[in-house]
Amino acid sequence: MRGTDETSGTLFRHVDLEARVPAKHPLRKIRQVVNEALASLDGEFEALYTDFGRPSIPPERLIRASLLQILFSVRSERQLMEQMQYDLLFRWFVGLGIDDAVWVPTVFTKNRDRLLTTEMSRKVMAAILAHREVAPLLSDDHFSVDGTLVKAWASMKSFQPKGSDTPPDDDPGSPPGPDATAKDHPEPTVSGTAPMPRPSRQNRNAEVDFRGEKRSNATHASTTDPDARLYKKSPGTGAMLCFMGHALMENRSGLIVQGDLTQADGHAERRAALDMIHRHSPGSTRQLTLGADKGFDAAEFVADLRQACVTPHVAQKSRYSAIDARTTRHKGYALSIKHRKRIEEAFGWAKTVGGMAQTVYRGLERVRSRFIMTMAANNLARLPRLLAA
């Protein structure tokens with residue numbers, strides 16, 4: 001018997017969001033870990049807010065919504081608020097009821113800027129890693145480090161000489177200056193019928209030829225994002241305005257235990273590696289190992305690691321390597337060289353799923369906070385399989 005295509009309206013409805021989510025959905029385990037991790041940060045949240053004034057978006061819901069945006073590749077917070085209007089899974093994960101109003105996108109953005117600083121993002125990542133089910137998955141002695149470029153939200157046309165407050169002359173998208181000539185704006189002719197004004201439309205994205213012009217970070221800066229730097233990581237590739245993201249991975253399960261983001265330069269990776277290993281294991285007296293690629297094979301960096309009680313399992317350069325047989329003769333060195341490549345999986349996930357191929361944020365602090373939160377979301381995405389194994 002054919003069913004009828006009729007819409008029947010009901011006066012009262014009861015929708016149980018918990019019953020709508022499948023029992024084996026991976027978000028169930030992720031939500032459990034996130035809720036228990038955020039519960040451990042209750043004191044940190046309490047210290048950020050006053051006892052008077054208008055209530056803000058609950059920090060737990062704001063963080064869950066931000067993680068959801070990264071996990072499901074939602075391109076903007078405005079689109080995230082739109083999807084939360086009708087997506088029951090999103091409402092269930094964030095903690096909104098079926099009748100609860102979704103926040104205004106600008107209000108959500110302002111609350112996010114106040115809450116999700118670099119320090120708070122690091123605390124969220126640490127709380128997730130300290131979870132009773134996650135902590136046994138981590139290695140305490142063996143780590144790997146690497147860096148990747150994060151393209152800035154700035155055009156190459158914004159890379160202008162320092163001290164230049166006006167756009168270039170060949171930019172037709174700029175408004176006319178006060179000294180515009182009468183030729184550009186002719187006086188209207190006196191006649192019986194006034195002519196219809198014809199505003200000239202100009203292309204806002206004109207072609208600009210930089211050939212022959214020498215540009216460097218010493219003489220130029222982006223007018224869109226002054227914190228971005230012109231840099232290329234490997235020969236044969238074009239330089240771009242970018243930041244440099246860094247990650248410290250433990251070698252047992254391949255989870256990211258520390259993240260950072262700095263301005264891009266040739267020494268940023270080694271400086272960030274030392275900062276992250278000291279931040280993760282401050283004053284450690286155990287003999288740790290740190291795997292890395294050939295870009296970390298520098299005598300000063302290797303000496304700093306040995307002084308910090310860290311064995312440098314760094315891939316050797318073909319010439320003038322700072323790694324000798326004291327390190328390479330051990331079996332652990334070959335294992336570290338093998339496992340260190342897994343850190344590229346986290347970078348690949350962050351760029352293809354987490355939206356870090358090109359950030360939509362401006363300013364070093366905002367991009368750094370988002371990068372660390374993306375690394376935490378990468379760990380969460382892997383937890384259902386790791387905990388089920």
Side-chain angles (χ1 to χ4, degrees), residues 66 69-70 75-77 106 108-125 145-168 171 173-174 205 208 210 213-234 237-248 256 258-276 279 295 346-347 350-351 354-378:
S66 298
Q69 180 183 3
I70 299 171
R75 67 174 182 268
S76 68
E77 290 165 354
T106 53
F108 182 86
T109 299
K110 289 182 180 294
N111 280 262
R112 184 257 302 159
D113 282 341
R114 296 192 192 104
L115 175 67
L116 287 181
T117 60
T118 296
E119 182 181 2
M120 182 54 66
S121 296
R122 285 175 176 159
K123 289 179 180 179
V124 171
M125 173 183 278
V145 69
D146 203 357
T148 187
L149 296 184
V150 177
K151 190 176 181 181
W153 192 253
S155 168
M156 290 294 292
K157 297 176 185 179
S158 71
F159 199 58
Q160 302 294 331
K162 292 182 178 179
S164 175
D165 297 330
T166 58
D171 183 9
S174 58
N205 192 19
V208 179
F210 301 112
E213 179 184 352
K214 294 183 178 180
R215 299 186 298 170
S216 70
N217 293 314
T219 58
H220 290 62
S222 172
T223 57
T224 304
D225 190 349
D227 291 336
R229 291 293 180 266
L230 188 66
Y231 185 75
K232 66 176 182 179
K233 192 176 181 183
S234 57
T237 59
M240 63 180 180
L241 289 171
C242 60
F243 299 94
M244 184 169 284
H246 315 275
L248 180 70
I256 304 300
Q258 286 289 331
D260 203 354
L261 184 131
T262 62
Q263 292 180 329
D265 62 62
H267 302 276
E269 287 187 285
R270 296 193 286 270
R271 288 196 303 265
L274 290 172
D275 291 341
M276 289 188 295
R279 191 185 307 123
F347 289 151
K351 292 186 175 183
M356 293 306 298
Q358 181 176 13
T359 179
V360 297
Y361 300 95
R362 295 174 183 172
L364 182 63
E365 174 67 20
R366 281 194 182 98
V367 182
R368 178 190 290 131
S369 173
R370 188 64 171 189
F371 182 82
I372 297 173
M373 189 63 67
T374 304
M375 292 293 102
N378 169 70

Can you check whether [Y]'s main-chain N or O pairs, donor with acceptor, with [X]'s side chain at less than 3.5 Å?
X: Asp260; Y: His246; answer: no
X: Thr374; Y: Ala350; answer: no
X: Arg270; Y: Gly295; answer: yes
X: Gln160; Y: Lys157; answer: yes
X: Gln258; Y: Met276; answer: no
X: Gln358; Y: Ala152; answer: yes

Looking at [X], I'd like to know if its [atom1] atom is crowded, meaning that more than 12 non-hydrogen atoms belonging to other residues, nucleotides or ligands lie closer than 6.0 Å.
X: Gln263; atom1: CD; value: yes
X: Lys151; atom1: NZ; value: no
X: Lys162; atom1: NZ; value: yes

With a 4.5 Å cut-off on side-chain heavy atoms, are [Y] and [X] touching?
X: Ser66; Y: Glu77; value: no
X: Met356; Y: Thr148; value: no
X: Met120; Y: Thr117; value: yes
X: Ser222; Y: Trp153; value: no
X: Ile372; Y: Leu261; value: no
X: Arg112; Y: Thr109; value: yes
X: Leu149; Y: Met244; value: yes

Using every non-hydrogen atom in the two residues, find where [X] and [Y] come nearest and quote the distance to one decimal.
X: Phe243; Y: Leu364; answer: CD2-CD1, 3.7 Å
X: Ala268; Y: Thr262; answer: CB-OG1, 3.6 Å
X: Leu241; Y: Ser155; answer: CD1-O, 3.4 Å

task = Check side-chain hydrogen bond (donor to acceptor under 3.5 Å, both in side chains) between Ser76 and all other residues, then give those that pass, not counting sequence neighbours.
result =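 In terms of side-chain hydrogen bond (donor to acceptor under 3.5 Å, both in side chains), with neighbours along the sequence ignored, Ser76 is linked to no residue.
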key: Which residues share a side-chain hydrogen bond (donor to acceptor under 3.5 Å, both in side chains) with Arg366, sequence neighbours left out   =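 With neighbours one apart ignored, the set is Asp113.
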inquiry  = I'd like to know whether Met156 forms a side-chain contact (heavy atoms from CB on, under 4.5 Å) with Leu230, so could you lay out the CA-CA distance, the side-chain angles of the two residues, the decisive distance to 0.1 Å, and finally the verdict.
reply    = CA-CA 9 Å; Met156 290 294 292; Leu230 188 66; 3.5 Å; yes
Test: Asp265 and Arg271 ion pair at under 4.0 Å =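 Salt bridge between Asp265 and Arg271, a charged N being under 4.0 Å from a carboxylate O: yes.
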ask   = Would Asp227 and Arg362 pass as an ion pair if we require N to O under 4.0 Å?
value =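 Between Arg362 and Asp227 there is no salt bridge, as every charged N stays at least 4.0 Å from the carboxylate O atoms.
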Verdict with reasoning, Thr118 to Glu365, per side chain to side chain donor-acceptor pair (under 3.5 Å) = CA-CA 7 Å; Thr118 296; Glu365 174 67 20; 2.8 Å; yes
